[in-house]
Amino acid sequence: MGEYNMIESMKGFKRTHKCGKLGLENVDETVILTGWVHRRRDLGGVIFIDLRDRSGICQIVFDKNVSENAFEKGDRLRSEYVIGVKGKVKKRPEENVNPKIPTGKIEVFVEEIRIFSKAETPPFLVENKINVDESIRLKYRYIDLRRPLMQRNIIIRSKATQAFRNFLNSRDFLEIETPMLTKSTPEGARDYLVPSRVNPGKFYALPQSPQLFKQILMISGFEKYYQITRCFRDEDLRSNRQPEFTQVDIEMSFVDVDDVLQLNEEMIKHVFEEIKGIRVDIPFPRITYQDAVEQYGTDKPDTRFGMKLIDITQIVKNSEFKVFRNTVEKGGIVKGINVKSPGFSRREIDGLIDLVKKYGGKGLAWIMVEQNDVKSPISKFLSQQEIAQILQRMDAQPEDLLLFVADDREMANMVLGNLRLELGRRLNLIDSRKFNFLWITDFPLLEYDEEEKRYVAVHHPFTSPKDEDIQMLDTYPEQVRAKAYDLVLNGVELGGGSIRIHSTELQEKMFSLLGFSKEEAWNRFGFLLKAFKYGTPPHGGIAYGLDRIVMFLAETENIRDVIAFPKTQNAVDLMTEAPSEVVPKQLEELHIEITL
RNA sequence: GGCCCAGUAGUUCAGAUGGUUAGAACGCCGGCCUGUCACGCCGGAGGUCGAGGGUUCAAGUCCCUUCUGGGUCGCCA
């Protein structure tokens, strides 16, 4: 009962100023501040407290000569107590100014204090430079989020979503919500399922994206749609992947590829310039999928440094070096990268070989270029002419290290692409101030899935083939290019989209290529196929991973730093302890039995 | 599902070769202190060494299993 008497009310104690905004202009004003006790310095006869709210920190002073009563209460304050104080703002004497904080020229002498709530000792300090295991931060997320750095991240996120909305609203887009309880689709990621109590034995799925609904909205005549919405994929997590994440989802009618890309360049420019304060030049460079893979070994190249992949298959196809010759005979390729003067030891080169094996490569050949000679374990198998041609082809200078991978095309590109990235990082070739936006275009429409023994859609089954490639759908389906595009920033895929198929016939054709019978296709996507029959505009769009964009804006490598309540690698929320078991009655109502 | 790293006080860590009562810093509690701002000084409390099993006279330390957190490959149309 006594404790209840300690709780003090806000009545008549309305905040007049924010802690971080007080300055010399407020001197001699009587102000009321509210916030958390950030730090307390008790000097015996005088107590200083750093009071913290969202705006920042302000020093308040408890002095017996100002108020005996306030001083006594100030003595009882501890970290993270929530208080309100009324007092007069005073200019600090020159020698007491704290240049480290914006409010360091003033302080508030407390005349009256109210303790709104006490606080247990927090498990870690509320400050930016903490060295605490992330699981503890996640368990006590409410405290972690008080840290100015985390507040800044969440504020950046809020401003970024506003910037997207402002831009899209100004371009006449409509924000339209789509269902969270929707139909499970077989293609793509694993669905999160939600049982339906009123339809026993049946399940909704949480959306992996609003893809089908936004296409239907185009059929419904809204022409320009966007939504900033949560999506769910039950797949394994990564440092930039959460099971629930936010998409900036856009769809437009009566457009082709160039229209979509141009609008998106303007939008990305708007958002990054407004939030990050950098200059973004448009249009962004474009590179085809094929060129990206051949030159960088990946469909999301980091173009902040060179070290492009170079094909030397033709030079070594008849070489005495069996690894090269046999690989080419079996239809493989030999490619290399030129690492400019890395100064690597033999030991370090051996380390690269281990790296290659980690990525699934069979091995790594290397040539160290010297003044008038080369050093290499394979040089004795190569003719003088072959070596000369390789050096010329790869623009090799003394001290350069040439690295080669011989494998099938896909593996060689993948391994060298990863090696290139690792070396770029290791040799500090990456200028972290650069923002290299890049469109990847002309993705293949289909790829063959060895496991499923059928073609699967590279983007998704609703992506339109390029007009000039449609004729190859029956003859060379894997050569058909799609009207699909990704936006890549510094080696990270920010988003992707496509122009969609808008005819029932072509869509049915697509499903048949994917190995669906007509019945299966209609069973799963009948509502879309049927909708197509009632007048469908040509349409297309794009979707961005908002979390990843905010990671760039906030300059963090960790997606959990830009989400208020993220999940761990095991998809667990350490604060709420979700997921959890449910009571038997809930399961009974849903006719669900746990068979663990 | 595979591989790698970590788990000892509230927090971050130390703890060769197995061996007396598991230490430090910060934080916390108490005392002193009227100009601090990472306040200072003095004193104190605080441990399921992630969990289970095994080897041993003896395990924080060695072995096995397992859990948790992180990274990564597979996966993510």
Side-chain angles (χ1 to χ4, degrees), chain A residues 38-51 57-66 71 78-80 90 92-101 103-104 107 109 119-140 143 185-191 208-209 211-212 231-243 245 354-355 357-360 414 418 422 443-447 449 451-452 454-463 482 484 493 496 498 510-511 514 525 543 545 557-558 560 567-572 574 577:
Chain A
H38 187 66
R39 218 177 278 279
R40 174 171 171 274
R41 291 177 293 278
D42 181 352
L43 275 66
V46 62
I47 299 167
F48 298 101
I49 291 211
D50 293 335
L51 188 66
I57 280 170
C58 178
Q59 175 163 280
I60 59 176
V61 188
F62 294 84
D63 188 322
K64 276 181 202 145
N65 300 323
V66 175
F71 182 85
R78 293 294 181 268
S79 286
E80 301 305 310
K90 293 287 184 189
R92 298 200 202 179
E94 203 56 46
E95 65 272 21
N96 290 337
V97 165
N98 182 358
K100 291 181 196 166
I101 56 172
T103 59
E107 57 196 349
F109 281 79
E120 290 186 13
T121 303
F124 51 88
L125 293 175
V126 179
E127 55 185 34
N128 286 339
K129 286 185 195 166
I130 53 167
N131 182 16
V132 188
D133 195 279
E134 199 179 350
S135 58
I136 293 166
R137 290 174 49 205
L138 291 173
K139 182 173 174 186
Y140 300 95
I143 298 171
T185 54
E187 294 277 286
R190 293 184 188 89
D191 283 323
Q208 296 180 25
S209 83
Q211 182 60 37
L212 298 175
C231 300
F232 305 85
R233 293 178 189 175
D234 186 5
E235 296 293 345
D236 285 355
L237 289 77
R238 285 289 185 284
S239 60
N240 64 358
R241 255 163 45 191
Q242 284 273 308
F245 61 100
D354 292 339
L355 200 63
K357 288 184 174 157
K358 204 182 90 186
Y359 290 119
M414 190 270 275
N418 281 313
E422 176 62 28
F443 279 80
L445 185 70
L446 302 163
E447 64 185 347
D449 187 315
E451 216 167 289
E452 301 213 22
R454 66 177 180 95
Y455 286 105
V456 295
V458 169
H459 188 54
H460 58 52
F462 318 104
T463 298
E493 181 195 330
S498 62
M510 185 70 182
F511 282 134
L514 296 174
F525 301 107
E557 299 290 304
N558 181 341
R560 296 179 296 275
K567 291 179 177 57
T568 68
Q569 199 162 79
N570 283 339
V572 169
L574 292 179
E577 296 183 315

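A note on names: the letters A, B, ... follow the listed sequences, proteins ahead of strands, and every chain is numbered from 1. Because only heavy atoms are used, hydrogens play no part in the values below, and waters and symmetry mates are left out as well, while side chains stay in.
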Could you tell me how far B:U61 sits from B:U17 if I compare only their P atoms? Round to whole Å.
11 Å

Whole-Å distance between B:C37 P and A:Ile60 CD1?
17 Å

Judged by each residue's nearest nucleotide on RNA chain B, which is more toward the 5′ side, A:Leu574 or A:Gln208?
A:Leu574

For B:C62, give its Watson-Crick or G-U wobble partner with both distances under 3.5 Å, or none.
B:G54

Which value, in whole Å, describes the distance between the P atoms of nucleotides B:C37 and B:G27?
13 Å

Both distances under 3.5 Å, Watson-Crick or G-U wobble: report the partner of B:A6, or none.
B:U68

What does A:Asp133 touch in the nucleic acid at a heavy-atom separation under 4.0 angstrom: a base, only the sugar-phosphate, or nothing?
sugar-phosphate

Phosphate-side-chain proximity, A:Lys100 and B:A38, N/O vs OP1/OP2 below 4.0 Å:
yes

Counting just side-chain N and O atoms, does A:Asn570 come under 4.0 Å of either OP1 or OP2 of B:G69?
yes

Output the rounded distance in Å from CG (A:Asn558) to C1' (B:G69).
12 Å

Just how far, in rounded Å, is P of B:G70 from NZ of A:Lys139?
15 Å

If I pick the P atom on B:C26 and the same atom on B:A38, what distance separates them, to the nearest angstrom?
15 Å

C1' atoms of B:C49 and B:A24, separation to the nearest Å:
16 Å

In this structure, CD of A:Glu134 is separated from NZ of A:Lys139 (nearest 0.5 Å) by 15.0 Å

Please measure how far the C1' atom in B:G60 lies from the corresponding atom in B:G19, and state the result in whole Å.
13 Å

Lys/Arg N to Asp/Glu carboxylate O, A:Glu235 vs A:Arg233, below 4.0 Å:
no

Check the pair A:Arg92 / A:Asn98 against side-chain contact (heavy atoms from CB on, under 4.5 Å), numbers first and verdict last.
CA-CA 9 Å; A:Arg92 298 200 202 179; A:Asn98 182 358; 3.6 Å; yes

Between B:U34 and B:G46, how far apart are the P atoms? Round to whole Å, please.
32 Å

Show the numbers, then the answer: is there a side-chain contact (heavy atoms from CB on, under 4.5 Å) between A:Val456 and A:Arg454?
CA-CA 6 Å; A:Val456 295; A:Arg454 66 177 180 95; 3.8 Å; yes

Letter by letter from the 5' end, nucleotides 26-35 of chain B scores (B base, S sugar-phosphate only, - none; protein heavy atoms under 4.0 Å) --SSS--BBB

Measuring from A:Thr185:OG1 to A:Gln208:CD, what's the distance to the nearest 0.5 Å?
5.0 Å

Taking atom P in both B:G40 and B:U36, what distance in whole Å separates the two?
12 Å

Using whole Å, what does the distance between atom C1' of nucleotide B:C5 and atom CD of A:Glu134 come to?
15 Å

If you round to the nearest 0.5 Å, how far is CD1 of A:Ile49 from CZ of A:Arg78?
9.0 Å

Rounded C1' spacing from B:G74 to B:C3 in Å:
11 Å

Distance check needed: B:C39 C1' versus A:His38 NE2, whole Å only.
14 Å

Pairing partner (Watson-Crick or G-U wobble, both distances under 3.5 angstrom) of B:C28
B:G44

Once each nucleotide of nucleotides 42-49 of chain B is scored for protein heavy atoms under 4.0 Å, what B/S/- sequence comes out, 5' to 3'?
--------

A:Asp50 vs A:Arg41, salt bridge (Lys or Arg N to Asp or Glu O under 4.0 Å): CA-CA, chis, key distance, verdict:
CA-CA 9 Å; A:Asp50 293 335; A:Arg41 291 177 293 278; 2.9 Å; yes

Could you tell me how the ring of A:Tyr140 sits relative to the ring of A:Phe124: parallel (under 30°), tilted (30 to 60°) or perpendicular (over 60°)?
perpendicular

Can you measure from CZ (A:Phe109) to CG (A:Asp63) and round to the nearest 0.5 angstrom?
6.5 Å

Donor-acceptor pair, A:Ser209 side chain versus A:Cys231 backbone, under 3.5 Å?
no

Classify A:Ile136 by what it touches in the nucleic acid, base, sugar-phosphate, or nothing, heavy-atom distance under 4.0 Å.
sugar-phosphate

Please state whether the phosphate of B:C39, meaning OP1 or OP2, lies under 4.0 angstrom from any side-chain nitrogen or oxygen of A:Arg41.
yes

Is the backbone N or O of A:Lys567 less than 3.5 Å from a side-chain atom of A:Gln242, with the two atoms forming a donor-acceptor pair by type?
yes

Is the glycosidic angle of B:A16 within 90° of 0, making it syn, or outside that range, making it anti?
syn

If you look at every strand shown and take non-hydrogen atoms under 4.0 Å, does A:Pro123 touch a base, only sugar-phosphate, or nothing?
sugar-phosphate

Nearest 0.5 Å, what's the CE-CG distance between A:Met510 and A:Leu446?
4.5 Å

Looking at every strand, decide which applies to A:Val456 at a 4.0 Å heavy-atom threshold: base, sugar-phosphate, or nothing.
nothing

Could you check whether A:Arg560 gets within reach of a base, just the sugar-phosphate, or nothing at all, counting any heavy atom under 4.0 Å?
sugar-phosphate

Could you check which of B:C37, B:A38, B:G70 has an atom nearest any side-chain atom of A:Thr568?
B:G70

Between A:Thr568 and A:Asn570, do the side chains contain a donor N or O and an acceptor N or O under 3.5 Å apart?
no

Set out, line by line, the N/O atom pairs under 3.5 Å between protein and nucleotides 72-74 of chain B.
from, atom 1, to, atom 2, distance (Å)
B:U72, OP1, A:Ser239, OG, 3.2
B:U72, OP2, A:Ser239, N, 3.3
B:C73, OP2, A:Arg238, NE, 3.4
B:C73, N4, A:Arg238, NH2, 3.2
B:G74, N7, A:Arg238, NH2, 2.9
B:G74, O6, A:Asp236, OD2, 3.3
B:G74, O6, A:Arg238, NH1, 3.1
B:G74, O6, A:Arg238, NH2, 2.9
B:G74, N1, A:Asp236, OD2, 2.6
B:G74, N2, A:Asp236, OD2, 3.4

Gap separating the CG atom of A:Leu212 from the CZ atom of A:Phe462, nearest 0.5 angstrom:
4.0 Å

Distance in angstrom units between A:Ile47 CD1 and B:C37 P, rounded
16 Å

